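Small disclaimer: the values here were computed from a predicted structure and weren't measured. The chain is numbered in sequence order, starting from 1.
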Amino acid sequence: MSKEHSSKPILHDPIFLSLPSRPATKSDLPLARDLADTLMAHADHCIGLAANMIGASVCILAVMDDAKILVMMNPEIVKHSAKSYHTEEGCLSLAGVREVERYASVTVRYRDEHFKKQRGTVSGITAQAIQHEMDHFAGRLV
């Protein structure tokens with residue numbers, strides 16, 4: 001990947017954000033880096049971003065996982081906890097908060113920032129953020 005990446009502006013257009021995302025390919029690796037860089041620029045008030053939030057309808061998300069950024073290309077939840085909870089979420093692209101139901105933990109199959117296959121289980125706020133960003137892929141505004 002090129003070393004020249006930077007933070008991108010956050011989109012606020014609900015029509016664009018409502019479009020479904022296409023699967024990511026290896027050619028989208030620079031976009032994955034841009035998404036991670038943009039999340040880092042907003043890390044003081046944001047824990048996750050989907051690629052459509054920076055103008056690309058592609059199935060890539062980036063979330064804060066403790067102190068590091070986890071990039072997931074084409075994530076798929078393959079297992080989730082039986083336990084779920086109701087909460088309110090905000091979104092950097094949208095004003096206000098909305099009520100949602102989230103699973104307490106999820107197991108995700110995805111490709112990493114090098115397009116290598118990965119699988120991992122996360123819980124808490126990281127699991128919640130992944131579910132939120134995956135809603136963006138389907139064009140669901142949360």
Side-chain angles (χ1 to χ4, degrees), residues 1-81 83-85 87-142:
M1 288 191 289
S2 166
K3 293 183 192 250
E4 294 184 26
H5 297 278
S6 63
S7 176
K8 302 292 183 189
I10 301 297
L11 281 171
H12 302 281
D13 179 0
I15 295 170
F16 181 83
L17 293 168
S18 296
L19 299 173
S21 297
R22 69 162 172 81
T25 66
K26 278 187 175 181
S27 67
D28 293 311
L29 289 172
L31 174 61
R33 183 74 253 152
D34 288 343
L35 189 62
D37 290 346
T38 303
L39 178 56
M40 183 58 73
H42 294 274
D44 63 331
H45 59 278
C46 179
I47 60 167
L49 293 174
N52 67 347
M53 295 172 69
I54 62 168
S57 295
V58 182
C59 294
I60 305 172
L61 64 82
V63 295
M64 296 301 295
D65 186 23
D66 292 322
K68 66 179 172 67
I69 293 177
L70 179 60
V71 173
M72 296 182 165
M73 301 176 76
N74 302 323
E76 177 186 358
I77 295 174
V78 295
K79 185 177 177 185
H80 59 76
S81 60
K83 182 180 176 187
S84 65
Y85 59 94
T87 189
E88 289 184 339
E89 292 177 353
C91 181
L92 205 54
S93 287
L94 304 167
V97 295
R98 283 146 296 282
E99 286 189 27
V100 294
E101 184 173 2
R102 297 294 185 209
Y103 295 111
S105 69
V106 293
T107 299
V108 186
R109 183 172 47 216
Y110 63 97
R111 291 192 179 262
D112 65 17
E113 66 276 9
H114 306 290
F115 216 70
K116 302 247 187 285
K117 290 181 181 179
Q118 302 290 338
R119 182 183 173 112
T121 301
V122 294
S123 59
I125 194 70
T126 305
Q128 183 177 333
I130 288 169
Q131 292 169 81
H132 176 101
E133 303 317 331
M134 289 181 69
D135 280 347
H136 278 288
F137 299 157
R140 285 190 290 273
L141 301 181
V142 177

**Q.** side-chain contact (heavy atoms from CB on, under 4.5 Å) between Leu11 and Ile54, worked out
**A.** CA-CA 6 Å; Leu11 281 171; Ile54 62 168; over 6 Å; no
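- One distance of note links CD1 of Ile47 with CD of Glu133; it measures 8.0 Å at 0.5 Å rounding.
- Salt-bridge formation is not detected for the pair Arg111/Asp28: no Lys NZ or Arg NE/NH1/NH2 atom is positioned less than 4.0 Å from an Asp or Glu carboxylate oxygen.
- Across every non-hydrogen atom of Leu141 and Ser18, the tightest pair is CD1-OG, 3.6 Å.
- When all heavy atoms are compared, the tightest approach of Cys46 to Leu92 is SG-CD2, 3.9 Å.
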Q: Test Leu17 against Leu94 for side-chain contact (heavy atoms from CB on, under 4.5 Å), laying out the working first.
A: CA-CA 10 Å; Leu17 293 168; Leu94 304 167; 4.2 Å; yes
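- Taking CG of Leu61 as the start and CG of Leu39 as the end, the distance is 10.0 Å to the nearest 0.5 Å.
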Q: Please lay out, stage by stage, how Leu70 and Tyr110 fare under the test side-chain contact (heavy atoms from CB on, under 4.5 Å).
A: CA-CA 11 Å; Leu70 179 60; Tyr110 63 97; 3.6 Å; yes
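- Atom CZ of Phe137 has more than 12 heavy atoms from other residues, nucleotides or ligands within 6.0 Å.
- Residues Tyr85 and Ala104 come closest through the heavy atom pair CE2-CA, 3.9 Å.
- Note that CD1 of Ile60 is 4.0 Å distant from CE of Met73, once rounded to the nearest 0.5 Å.
- No donor-acceptor pair under 3.5 Å is formed between the side chain of Ser123 and the backbone N or O of Ser105.
- Of the residues Arg102, Arg98, Gln131, the one that meets the side chain to side chain donor-acceptor pair (under 3.5 Å) test with Glu89 is Arg102.
- Once rounded to the nearest 0.5 Å, the distance linking SG of Cys59 with CE of Met72 reads 13.0 Å.
- A distance-only check finds no donor-acceptor pair linking the side chain of Asn74 to the backbone of Pro23 [under 3.5 Å].
- The OG1 atom of Thr25 sits 9.5 Å away from the CG atom of Leu31 when rounded to the nearest 0.5 Å.
- Residue Gln128 comes nearest to Thr87 through the heavy atom pair NE2-CG2, 3.6 Å, listed as atom of the first residue, atom of the second, then distance.
- Rounded to the nearest 0.5 Å, atoms NZ (Lys117) and CG (Asp112) are 12.0 Å apart.
- Applying the side chain to side chain donor-acceptor pair (under 3.5 Å) definition to pairs two or more places apart or across chains, those involving residues 45-70 are His42-His45, Asp65-Thr126.
- The environment of CD in Glu99 is sparse: at most 12 heavy-atom neighbours from other residues, nucleotides or ligands sit within 6.0 Å.
- For Thr38 (side chain) and Lys8 (main-chain N/O), a donor-acceptor pair under 3.5 Å exists by modelled atom type.
- In this structure, Val63 and Ala129 approach most closely via the heavy-atom pair CG1-CB, 3.9 Å.
- Across Ala50 and His136, no two heavy atoms sit closer than the pair CB-CB, 3.6 Å.
- For Val78, the side-chain contact (heavy atoms from CB on, under 4.5 Å) criterion is met by Glu76, Thr107, Arg109, Arg119, not counting sequence neighbours.
- Evaluation of the ring pair (Phe, Tyr, Trp, His ring centres under 6.0 Å) test over residues 47-76, restricted to residues two or more places apart or in two chains, returns none.
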Q. How far apart are the C-alpha atoms of Met64 and Ile69, what are their side-chain angles, what is the distance that settles it, and do they pass the side-chain contact (heavy atoms from CB on, under 4.5 Å) test?
A. CA-CA 5 Å; Met64 296 301 295; Ile69 293 177; 3.5 Å; yes
